[in-house]
Amino acid sequence: MSIGTSLASVYDPEKVEGKWYEYWKSQNYFAPSDDFSKKHFSIVMPPPNVTGQLHLGHALDNTLQDILARWRRMQGYNTLWVPGTDHAGIATQARVEENLASEGLKRRDLGREKFLERVWEWKRLYGDRITKQLSLLGSSCDWSRERFTMDEGCSQAVREVFVNLYEKGLIYRGNYIINWCPKCMTAISDIEVEHADSDGHLWHIKYPIEDSDEFLVVATTRPETMLGDTGVAVHPGDERYSHLIGKNVVLPLMGRKIPIFEDHYVDREFGTGAVKVTPAHDPNDFDMGLRHNLEQIVVMTADASMNENAGAYAGLERQECRQQVVKDLEAGGYLVKIEEHQHAVGHCQRCDTIIEPMVSLQWFVKMKPLAEPAIQKVVDGEIRFIPERFTKTYTNWMENIRDWCISRQLWWGHRIPVWYCQDCGEVICSRENPTSCPACSSSELKQDEDVLDTWFSSALWPFSTLGWPNDSADMQHFYPTSVLVTGRDIIFFWVARMIFSGIEQTGKVPFHEVNIHGLILDGQGRKMSKSLGNGIDPIEVIEKYGADTLRFSMITGVTPGNDVRFQWDKVENTRNFSNKVWNASRFVLMNMEEFEPIKVEKDELTLADRWIISRLNLKIKEITDLLERYELGEAARGMYDFIWDEFCDWYIELAKPRLFHPANGREKAVVQTVLLDVLMGILKLLHPFMPFITEEIYQYLPGHNETIMLESWPIMDQSLVEPEAVEQMQAIMGAIRAIRNIRAEFNLSHSAPVKVIMLFKDGHGMKWFEDYGSYIKDLAKVSELQLVLELIEKPRQAVSALLSFAELYVPLEGVIDVDKEIGRLEKELKITGVDIDRAGAKLINEKFLAKAPPDVIEKEKGKIEEAMLRKEGILQRLQILRGE
RNA sequence: GGGUCGUUAACUCAGCGGGAGAGUGCUUCCCUGACACGGAAGAAGUCGUUGGUUCAAAUCCAAUACGACCCA
């Protein structure tokens, strides 16, 4: 019994995948070699958040990286793929707080230290879970180099960068307007705010002019903020208001006198063309306030209720306050009108609470000096976005960037390395924890309570994971990394920040290419989210269908950068493909008995052999080129088509007779060799996409080595590509299809033998079929095949197919319905006519003849010739049938 | 308001200057010694609309409609 027959007829990934992953890991195949003389290929994994488990987006992201890593490794690159996780400050803290809440606890009940212990516990649990999931997916990352954004090395990098930027004056602390989340109780950066259109109102309010009966009407969407108004602005030169410039209004409800001034920011078309200015609670007003030296009056507390500056409204929650203010304005006769108005409202990315813009004391990174070189490197092509269009997304954002608020009023994260002297007020920022004040020697030092934005540490990931700021071997050999693979949703959050951080800290770009992919959507095209409950756990898919299937189904036929809808149908189809690969391999293995490896001579190869070998070599080139261009979707599809259609449906079928009824032992050995070689080539090409099944099959193949992972990536051998073999095979396939078509149309049973006569126009074509007529006999179930150059009498009782190189007849005495056959031919005649007209129109067009490239003209000539021949054949055939 | 992407067969999507493709579904036949998670054959599309460039446009350009997303 051969190996093949002992294999199950249905592939079961569950029995295979875990085993090989353990093997690969134990053999250390994922780690790069110490031989740093080889060209390197390195990727750092976008670190998943330790907030929970991986979703399909991570599965896609890591599949893409694993394909690139496995492929480059096989190509001989010293390949390093660094895995790791992100502490995800605000997100993780929120999850742990939720958890605490279920025990009736708040973080302040525990205190900073105890709380952090809880978070570390959480991190261990979910960090491990993520590691497990990445393993299940087959990720060939080097676990010995696994990192975490808050491990010692990364923390050292964070500290170094902070101090560095601080010393250069690129980090500063100050009172500026920031986005405050009243639920998370922390400042957040501009990009952590999500804007959503909402139906609101536009309140028109009268502001009386000081010492006058006149008044001015302002329009606002947020009347409660008027309590903090410190000015009214109009567009410069707006004649409606020019006489009021320099005067004051008396702020209703508060009685404060505030100035009227001009500013270009004001849109004269919006509302009344006059706006109230609240510098402490609106970013635009903040800027105007700075331009015109206005007072900033914060009227809210950290939980977004009104503070003592709100006078009588102190203590009210901001929504209640709004209602009360409107009511009071109305009572006082200040309310002119209320309009329906749609406007964008900012929400916290994490908890969806409405953001309160607020002036607050925070730490910032000065962005202009960092952004400029970061834009330049991309413009210069030192960093290339794939697809290219994301370059614009990146540069547009970088060009309009504002300073980055990096302090967070959280506990989970890197604590800001700044101390304040309690005695003299000195601010100390240093690499080592200070013990005494350098100014007054006091030991009363207090560290800043805040932590850094979680993206501050992610921004350093490509070099912090390689050992920076130490001059490590990994840093020397693997930095800059080769490519960054990530989703289009974090270009701003992460990619941009890695670029400017890398350039600033290491003097080099962190990577040369950025491969951006889209998002995984649900079957209806919606983003997967917790609230919709439409998320799919990759583990569920892996358990049902296997990791290879999940990987392959997510990327097949997907355009780079485009979103992907997750379809169970497609997963199932891919499962079928896995099974196809399995069974084709099983077939090959089943027929390996008595196989001794032989050296096959070229003239021993049949047409089918030469055809499949040619096709394989062309496929090697095609797949390699596609991978080079990051067209992984097309590459996967190319493998699918080649394996299923060309290898299984044609080559294996043609191999059968030679395996089952060989003329001699040598003939069988030849076909066995070709089958094995082609299968080996297929497995290697497929391995990066489907690592598990390819390893499993590989290990059964005669002559295999340790692992398919260490096999070299195939290279096209031009000497094995024979275009004539491909052409000849195509002609024969065409004839087979024509006969099968006739069988189907005339309901000839599978077992019914048919006779076929082929009439050739010349000996060249006939020769092709003489040598390989057996293909037609075998695959079209033809009992008798006559090849002729002349027919004494063309059979009337026959069905015909007109091929470009021959006329094909299937005599069907008694079976054929002449009228039906005439109808069939007339339809074909019409199609042929269209072909002739189209090609003909081109060929009589002088401009076409003058301007089109010669090969295109030749092609058109060929088409028309071929169609004319077919037409002639059809006409003759019709004559015969009609008995004319 | 600015920007990006999409609009191709019933559905989900490839293709992106020279004869409309795949998978699923549908119709017909077939358990033919790898696979019914299979094989064979077939039906099915004025490639959103309107202009333009070109010998040639699903493919390039410009408008436009609709949908999705991003930024403000």
Side-chain angles (χ1 to χ4, degrees), chain A residues 4-5 7-11 190-191 193-195 267 283-284 344 346 387 389-390 392-393 396-397 400 488-489 491-492 518-519 521 523-527 545 549 553 556-559 561-591 631 633-634 636-638 640-641 644-645 648-649 652-653 655-656 659-660 675 736-751 778-781 834-835 838-839 841-843 845-853 855-857 859-860 862-864 866-867:
Chain A
T5 42
L7 298 176
S9 68
V10 172
Y11 174 62
D190 293 341
I191 45 178
V193 177
E194 287 178 352
H195 296 271
D267 175 5
N284 294 310
R389 69 183 134 94
F390 290 108
K392 207 170 158 190
T393 310
N396 280 352
W397 185 71
N400 298 301
R488 63 171 171 76
D489 50 334
I491 293 176
F492 305 144
L519 276 29
L521 309 174
Q524 281 100 58
R526 299 171 305 179
K527 219 165 155 171
Y545 296 98
T549 291
S553 76
T556 310
V558 170
T559 309
N562 283 14
D563 291 347
V564 188
R565 281 194 204 195
F566 181 85
Q567 302 274 121
W568 283 106
D569 269 7
K570 193 172 175 185
V571 176
E572 234 171 86
N573 171 250
T574 311
R575 185 270 317 269
N576 295 351
F577 173 65
S578 309
N579 199 236
K580 192 76 183 174
V581 172
W582 179 252
N583 274 291
S585 308
R586 207 164 66 96
F587 172 83
V588 173
L589 290 166
M590 274 175 167
N591 291 289
E631 303 263 5
E634 277 299 284
R637 185 215 301 282
Y640 181 102
D641 291 344
W644 202 313
D645 185 43
C648 292
D649 290 345
I652 286 185
E653 290 310 317
K656 281 177 182 174
L659 287 168
F660 300 153
L675 274 168
I736 291 168
R737 287 202 188 95
I739 298 164
R740 283 171 170 173
N741 179 327
I742 290 166
R743 291 191 84 101
E745 282 212 17
F746 287 85
N747 276 327
L748 300 176
S749 92
H750 181 254
S751 50
D778 292 332
L779 295 195
K781 308 282 175 197
V834 171
D835 287 349
R838 192 164 40 198
K842 283 186 185 174
L843 288 168
N845 184 340
E846 278 172 31
K847 285 181 178 168
F848 173 74
L849 293 171
K851 297 199 173 176
D855 59 308
V856 173
I857 296 173
K859 217 166 143 192
E860 289 302 321
K863 268 189 234 169
I864 203 165
E866 187 262 2

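In what follows, chains carry the letters A, B, and so on, assigned in the order in which the sequence lines appear, proteins first and then strands, with residues in each chain numbered from 1. These numbers were taken from a predicted model, which means no experiment stands behind them.
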Does the structure show a Watson-Crick or G-U wobble partner for [N], both distances under 3.5 Å? Name it, or say none.
N	value
B:rC13	B:rG21
B:rC69	B:rG3
B:rC35	none
B:rC26	B:rG42
B:rC60	B:rG52

N or O in side chain of [X] less than 4.0 angstrom from [N] OP1/OP2:
X	N	result
A:R565	B:rU12	yes
A:K580	B:rG39	yes
A:N747	B:rC29	no
A:N741	B:rG42	yes
A:T559	B:rG15	yes
A:K392	B:rU4	yes
A:K656	B:rA34	yes

Distance check needed: [N] [atom2] versus [X] [atom1], whole Å only.
X	N	atom1	atom2	value
A:D645	B:rG21	CG	C1'	13 Å
A:F746	B:rU28	CZ	C1'	14 Å
A:L7	B:rG33	CG	P	19 Å
A:D641	B:rG15	CG	C1'	12 Å
A:W644	B:rC35	CH2	P	14 Å
A:N591	B:rC35	CG	P	11 Å
A:F566	B:rG23	CZ	C1'	15 Å
A:N573	B:rA22	CG	C1'	9 Å

With rounding to the closest Å, how many angstrom separate the [atom1] atoms on [N] and [M]?
N	M	atom1	result
B:rG17	B:rU4	C1'	24 Å
B:rC61	B:rA22	C1'	30 Å
B:rC29	B:rA65	C1'	46 Å
B:rC5	B:rA62	P	11 Å
B:rG45	B:rU49	P	15 Å
B:rG18	B:rA58	P	10 Å
B:rU53	B:rA10	C1'	36 Å
B:rG51	B:rG3	C1'	24 Å

Practice item. Using the closest heavy atom to pick a nucleotide of RNA chain B for each, name whichever of A:R737 or A:K781 lands nearer the 5' end. Key: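 Whichever sits nearer the 5' end wins; that is A:K781.
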Practice item. Find which nucleotide of RNA chain B each of A:D563 and A:Y640 is nearest to by heavy atoms, and output the residue with the more 5' nucleotide. Key: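 By nearest-heavy-atom nucleotide position, the 5'-most residue is A:D563.
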Taking any heavy-atom pair under 4.0 Å as a contact, classify [X]: base, sugar-phosphate, or nothing.
X	answer
A:F492	sugar-phosphate
A:R740	sugar-phosphate
A:N562	sugar-phosphate
A:I652	base
A:R743	nothing
A:W568	nothing
A:K570	nothing
A:D649	sugar-phosphate
A:A850	nothing

Should [X] and [Y] count as side-chain neighbours, where that means a heavy-atom distance under 4.5 Å?
X	Y	answer
A:I739	A:L779	no
A:T549	A:F577	no
A:F848	A:V856	yes
A:D641	A:R637	yes
A:N591	A:K656	no

Exercise for review: Could you tell me how the ring of A:Y545 sits relative to the ring of A:W568: parallel (under 30°), tilted (30 to 60°) or perpendicular (over 60°)?
Suggested key: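 Judged by the thresholds at 30° and 60°, the geometry between A:Y545 and A:W568 is tilted.
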Exercise for review: For the residue pair A:Y640 and A:W644, categorise the inter-ring angle as parallel (less than 30°), tilted (30 to 60°) or perpendicular (more than 60°).
Suggested key: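 A:Y640 and A:W644: tilted rings.
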Point to revise | Ring-on-base stacking B:rA34 with A:W582 (under 5.5 Å, under 30°) | key: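 One would not call A:W582 stacked on the B:rA34 base.
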Review point. Any side-chain donor paired with an acceptor under 3.5 Å for A:Q524 and A:R526?
Key: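 There is such a pair between these side chains.
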Any idea which of [options] is nearest the [X] side chain?
X	options	value
A:M590	B:rA41, B:rA34, B:rG19	B:rA34
A:H195	B:rA72, B:rC37, B:rA34	B:rA72
A:R838	B:rG23, B:rA72, B:rG19	B:rG19

Point to revise | Salt-bridge present (A:K863, A:E866; N to O < 4.0 Å) | key: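 Result for this pair is no, no salt bridge flagged.
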Check your understanding: Is there a donor and acceptor pair, one atom on the side chain of A:E653 and one on the base of B:rA34, closer than 3.5 Å?
Key ->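 Per atom types, the contact qualifies.
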